[in-house]
Amino acid sequence: MVGPSWGWAVPADNWVIRTSSLTKRYGDIVAVDGLTLEVPRGHVFGLLGPNGSGKTTTMSMLLGLVRPTSGSFSLFGSATQHREALRRVGAIIESPSLYPYLSGRQNLRYFQGISGRGTPGEVDDLLSRVGLADRGNDRFQTYSLGMKQRLGLAYALLGDPELLFLDEPTNGMDPAGMAEVRDLIRSLGTGKRTVLLSSHLLHEVEQVCDSVAILSKGALIVQGVVTDLIQPRKRVRLRTTDNTRALEILSALDWVEEAEVEGAAVVVAAPSERSPELTAALSRSDVYITEMTADQVSLESYFLEVTGNDEGETE
């Protein structure tokens, strides 16, 4: 496991979620395996991993829906005042379970009434915020899966919680809806509010999340700031007058971490400040660069590297 990489000192009172060796077993099956996690305030924090990696089970333990087998956790700095901490939390885990015969607006008003969260006036604001202003009077059972996810998000936002748990919030949405909800989630994880987002969609996590924890088979592989995890892994893509010769020359340089031919280009992993030296080394052997572009490694590439997943998908 690679330790946390935050890039700055996080004050002790600024951790919203902390877990220590958190474990959940179901008989011989280990759903979550010794998870030690730290989530800072004011972030969109992604739990990334394939289905069955322990994301939902982790969220369920933090919400008190599932009892850990061993280990511990704290919310807002407290490991004991769990009931009080949950008053500051909103959540949507798996598919929203709302009343099918009530309208979207009636569902929100009902749950607002029994929870005492927020004011009646915020219901219409939330429906508008999640794109359901025109469907608020329609019954929940008539909603598409994507609309149900939107209403579930509105439900989670009742009372303006400080911490949001969102489990696969764009499930069932069309591309336009996914983009709208991603923008909304991005706007929510600012200031004092924190969003814990579970997703198996690598591109979604990269676009939305500040920080990420990658899980595989219930275990933590790495956690840290997304840009810090992938920024040092920048590569340069070169088109040259002789790619075969260029590969030989660049592979021999001790400060070049990696060089390989991909299609019509030579891809080189090397410190960005030494790019001029690439040109000089090649020109000395009469090999010239005709095109040079940065080749940013994506979160997907990083995920496949650290998990050893050869399938290219996390679903």
Over all atoms of both residues, closest heavy-atom pair of Pro40 and Val16: C-CG2, 4.2 Å
Donor-acceptor side-chain pairing of His43 and Thr194 below 3.5 angstrom: no
Backbone of Asp125 reached by a side-chain donor or acceptor of Ser128 within 3.5 Å: no
Over all atoms of both residues, closest heavy-atom pair of Leu37 and Ala213: CD1-CB, 3.5 Å
ILVMFWY network linking Leu145 to Leu184, side-chain heavy atoms under 4.5 angstrom: no
Aromatic ring pairing Phe111/Tyr99, orientation class (parallel under 30°, perpendicular over 60°, tilted between): parallel
Thr290 (side chain) donor-acceptor with Arg239 (main chain) under 3.5 angstrom: yes
same_hphob_cluster(Val30, Val66) at 4.5 Å side-chain heavy-atom cutoff: no
Donor + acceptor pair across side chains of Thr56, Asp167 (<3.5 Å): yes
Cation-pi check, Arg18 onto Phe73 ring (under 6.0 Å, within 45° of axis): no
Expected output: side-chain Ser20 to main-chain Gly71 donor-acceptor under 3.5 Å: no
Sidechain N-carboxylate O distance under 4.0 Å for Asp33, Arg25: no
Distance (rounded to the nearest 0.5 Å) between Ile92 CD1 and Leu98 CG: 8.0 Å
Check: Thr19 side chain, Leu35 main-chain N or O, donor-acceptor pair, under 3.5 Å: yes
Heavy atoms from other residues, nucleotides or ligands near OH of Tyr155 exceed 12 (cutoff 6.0 Å): no
Leu65-Leu47 co-clustered via ILVMFWY side chain contacts under 4.5 Å: yes
Side-chain donor/acceptor of Gln223 to backbone N/O of Thr36, under 3.5 Å: yes
Main-chain N/O of Ser21 paired to Thr23 side chain as donor or acceptor, under 3.5 Å: yes
Minimum heavy-atom distance Glu122-Leu157, with the two atoms named: OE1-O, 4.4 Å
Salt bridge present between Asp160 and Arg88 (N-O < 4.0 angstrom): no
Set of residues satisfying side-chain contact (heavy atoms from CB on, under 4.5 Å) with respect to Asn243, sequence neighbours excluded: Thr240, Val266
Backbone N/O of Arg67 and side chain of Lys24: donor-acceptor pair under 3.5 Å: yes
Non-hydrogen atoms of Gly90 and Pro161 that approach each other most closely: N-CB, 3.5 Å
Between Gln112 and Arg117: side-chain donor-acceptor atoms closer than 3.5 Å: no
Donor-acceptor under 3.5 Å (Gln106 side chain, Ser103 main chain): yes
Ile114 atom CD1, neighbour heavy-atom count above 12 within 6.0 Å: yes
Derivation and outcome, salt bridge (charged side-chain N to carboxylate O under 4.0 Å, His left out), residues Asp124 and Arg129: CA-CA 9 Å; Asp124 287 339; Arg129 196 170 189 181; over 6 Å; no
Cluster link Leu247 to Tyr288, ILVMFWY, side chain under 4.5 Å: no
Glu262/Arg237 salt bridge by N-O under 4.0 Å criterion: yes
Sidechain N-carboxylate O distance under 4.0 Å for Glu162, Arg193: no
Thr170 (side chain) donor-acceptor with Met173 (main chain) under 3.5 angstrom: no
Partners passing side-chain contact (heavy atoms from CB on, under 4.5 Å) against Thr142 (at least two apart in sequence or in another chain): Arg135, Asp138, Arg139
Ser251 side chain to Glu248 backbone, donor-acceptor under 3.5 Å: no
Distance (rounded to the nearest 0.5 Å) between Lys55 NZ and Leu48 CG: 7.5 Å
Heavy-atom pair of closest approach, residues Pro169 and Ser198: CD-O, 3.9 Å
Nearest heavy atoms of Ile249 and Ser285, plus distance in Å: CD1-CB, 3.5 Å
